[in-house]
Amino acid sequence: MLTPFDDYPIHPSADPIAHPATGDPNHYDRYWFNGQDKGGEFFLAGAMGHYPVRGVVDAAFSVVHDGVEHSLFASGRMPLDRTTEIGPLRVEVVEPLRVLRLTADPEARGVGADLVFRARTMAIEEPRQRIVDADGIPVMDHTRLTQWGTWEGTIWIDGDTIEVDPSTTVATRDRSWGVRGVGKPVETNRPRRVPQVFWLWAPLHFDDCCTHMALHEHSDGSRWLQTALVPLLESAGAPTHGVPAPEEMKGLRYEIDWEPGRREMRRAALTFVEPSGHERRIELEKLFTFRMRGIGYSHPHWSHGSSHGELEIGRDSIPLDEFEPLELSSLHLQNVCRATMEGRTGVGVLEQIALGPHAPTGLTGFTDGHPGRGA
């Protein structure tokens, strides 16, 4: 089963590239992007995922402007050649790990973009995320890289134009691949278990550095994954891969002042210790909240890996204050923040997913709102 990609020296095994390494329907390969104007004028996000066993490729582009989250979606049959285009949405790798282009045709549904990502940092390989359930079944096993940069280009919303200036627009992107829950759940004869997730991720941008924090915690607060780094390229032409990663930070702590009745921050603080022993503290002030359903995460119709036939294209435009904060589709979110650290002022996001109880923060039930005290 040959495809054009077999002409490249990228084979990890004796199989042609179109042969997935597993028949697990949750096998996936995804691009993800976000970006924000430093002054808070707009926030953007994009995603594209391939699901070889399900035969699906889907993508989305979303922009928050004037208090409304506008999203363009496309989903269809995945070709064998792993093309990074579906309907009006396309991702182009111009220079691997350094320059990428994200485009969305505004003629499709009125929302569009032509944006170029340029790296500010090396690409960081995060710790592998692997979960095996109580029955010994692997339910998640994936690798992810993260990289910080800038955006340049144009966004269109119903004929209005936003010029995206790289001097004032920061960018974060990731690439992940492996196995994670996507599409319609596989039917089994095992007892259903209520999932529990507590995830925090904070890629932040300052003028002279970028910071990174990621952690997963069980309901009792014990961590099964954590990482914190401060990477930055020494120059525009410095290597973005193949060089030693920055040293991990230690003593990672967080404090969250919760929005009463919600599962999202109002303010937060992150603390970590550098290898030198110097402790850094970052204060986060929320500007507004981006719901990740705008690029397919837990969307009731456009969820990742769901089947939409040969091709379906759609759009949402939802005012930020009209989202129901405790609906399942609203709980995966990115808090768009202003950050301060030792006299520096920066921007970025604190991403949150909180499902089920979490004793250290006082969360109870599956999606019950927080009583509003800090943790």
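Computed from a predicted model, the values in this text were never measured in an experiment.
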Straight-line distance of [X] [atom1] to [Y] [atom2], nearest 0.5 Å:
{"X": "Tyr254", "Y": "Leu200", "atom1": "OH", "atom2": "CG", "answer": "6.0 Å"}
{"X": "Thr211", "Y": "Phe272", "atom1": "OG1", "atom2": "CZ", "answer": "5.5 Å"}
{"X": "Arg130", "Y": "Arg128", "atom1": "CZ", "atom2": "CZ", "answer": "7.0 Å"}
{"X": "Leu333", "Y": "Thr289", "atom1": "CG", "atom2": "OG1", "answer": "6.0 Å"}
{"X": "Cys337", "Y": "Glu283", "atom1": "SG", "atom2": "CD", "answer": "11.5 Å"}
{"X": "Ile162", "Y": "Asp160", "atom1": "CD1", "atom2": "CG", "answer": "8.0 Å"}

Between Thr340 and Ile282, is any pair of side-chain heavy atoms under 4.5 Å apart?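 Side chain of Thr340 against side chain of Ile282, heavy atoms only: no contact under 4.5 Å found.
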Any Glu92 side-chain heavy atom under 4.5 Å of Thr103 side chain: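 Glu92 does not reach Thr103 side chain to side chain.
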Could you check whether [Y] and [X], counting side-chain N and O atoms only, form a donor-acceptor pair closer than 3.5 Å?
{"X": "Asn335", "Y": "Glu264", "value": "no"}
{"X": "His308", "Y": "Ser306", "value": "yes"}
{"X": "His216", "Y": "Gln129", "value": "yes"}
{"X": "His70", "Y": "Arg315", "value": "yes"}
{"X": "His358", "Y": "Glu217", "value": "yes"}
{"X": "Tyr31", "Y": "Ser176", "value": "no"}

Can you classify the ring geometry of [X] versus [Y] as parallel (below 30°), tilted (30 to 60°) or perpendicular (above 60°)?
{"X": "His299", "Y": "His301", "value": "perpendicular"}
{"X": "Trp32", "Y": "Trp201", "value": "perpendicular"}
{"X": "His212", "Y": "Trp148", "value": "perpendicular"}

Go through the steps to decide whether Trp199 and Glu351 satisfy the test side-chain hydrogen bond (donor to acceptor under 3.5 Å, both in side chains), and finish with yes or no. CA-CA 8 Å; Trp199 161 252; Glu351 180 174 308; 2.9 Å; yes
Between [X] and [Y] (side chain of the first, backbone of the second, donor and acceptor by atom type, cut-off under 3.5 Å), is there such a pair?
{"X": "Ser71", "Y": "Gly294", "result": "yes"}
{"X": "Thr154", "Y": "Glu163", "result": "no"}
{"X": "Asn26", "Y": "Val182", "result": "yes"}
{"X": "Thr146", "Y": "Asp174", "result": "no"}
{"X": "His304", "Y": "Ile295", "result": "yes"}
{"X": "Asp135", "Y": "Ile137", "result": "no"}
{"X": "Ser219", "Y": "Pro357", "result": "no"}
{"X": "Asp37", "Y": "Glu41", "result": "yes"}
{"X": "His218", "Y": "Asp220", "result": "no"}
{"X": "Thr169", "Y": "Asp165", "result": "yes"}

Specify the closest pair of heavy atoms between [X] and [Y], including all atoms of both residues, with the distance to one decimal.
{"X": "Arg263", "Y": "Thr367", "result": "NE-C, 3.5 Å"}
{"X": "Ala60", "Y": "Phe73", "result": "CB-CD2, 3.7 Å"}
{"X": "Val57", "Y": "Pro79", "result": "CG1-CD, 4.3 Å"}
{"X": "Gly305", "Y": "Asp58", "result": "N-OD2, 2.8 Å"}
{"X": "Pro371", "Y": "Gly362", "result": "CD-O, 4.1 Å"}
{"X": "His19", "Y": "Met1", "result": "NE2-CB, 3.7 Å"}

Salt-bridged, [X] to [Y], with N to O below 4.0 Å?
{"X": "Glu274", "Y": "Arg280", "result": "yes"}
{"X": "Asp105", "Y": "Arg90", "result": "no"}
{"X": "Glu285", "Y": "Arg338", "result": "yes"}
{"X": "Asp257", "Y": "Lys286", "result": "no"}
{"X": "Arg344", "Y": "Asp207", "result": "no"}
{"X": "Arg281", "Y": "Glu279", "result": "no"}
{"X": "Asp316", "Y": "Arg109", "result": "no"}

Stepwise, does the side-chain contact (heavy atoms from CB on, under 4.5 Å) test hold for Asp368 with Leu363? CA-CA 7 Å; Asp368 300 50; Leu363 291 170; over 6 Å; no
State yes or no: do [X] and [Y] share one hydrophobic cluster built from I, L, V, M, F, W and Y residues joined by side-chain heavy-atom distances below 4.5 Å, directly or via other members?
{"X": "Leu331", "Y": "Phe366", "value": "yes"}
{"X": "Leu72", "Y": "Met292", "value": "no"}
{"X": "Leu320", "Y": "Phe43", "value": "yes"}
{"X": "Phe198", "Y": "Leu270", "value": "yes"}
{"X": "Val336", "Y": "Val68", "value": "no"}

Mind checking salt bridge (charged side-chain N to carboxylate O under 4.0 Å, His left out) for Arg118 and listing every partner two or more places apart, or none if nothing turns up? Glu152
Taking salt bridge (charged side-chain N to carboxylate O under 4.0 Å, His left out) as the test, write out the residues that go with Asp6, two or more places apart.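 Result, salt bridge (charged side-chain N to carboxylate O under 4.0 Å, His left out) vs Asp6: none returned.
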Name the residue from Arg175, Arg173, Arg98 that meets the side-chain hydrogen bond (donor to acceptor under 3.5 Å, both in side chains) definition with Gln147. Arg173
Which residues end up grouped with Val347 if you chain together Ile, Leu, Val, Met, Phe, Trp and Tyr wherever their side-chain heavy atoms are less than 4.5 Å apart?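 For the cluster that includes Val347, the remaining residues are Val170.
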Surrounding CZ of Arg192 (heavy atoms of other residues, nucleotides or ligands, distance under 6.0 Å), is the total greater than 12?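 Open.
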Would you indicate whether Glu125, at its atom CD, is surrounded by more than 12 heavy atoms from other residues, nucleotides or ligands within a distance under 6.0 Å? no
For Tyr297 together with His332, are the ring centres under 6.0 Å from each other?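 Yes, they do, as the ring centres are separated by less than 6.0 Å.
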Validation row, ring centre Trp151 to ring centre Phe117 under 6.0 Å: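 Yes: the rings meet the under 6.0 Å criterion.
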Step-by-step salt bridge (charged side-chain N to carboxylate O under 4.0 Å, His left out) determination, Asp133 to Arg190: CA-CA 11 Å; Asp133 70 14; Arg190 296 185 180 89; 5.7 Å; no
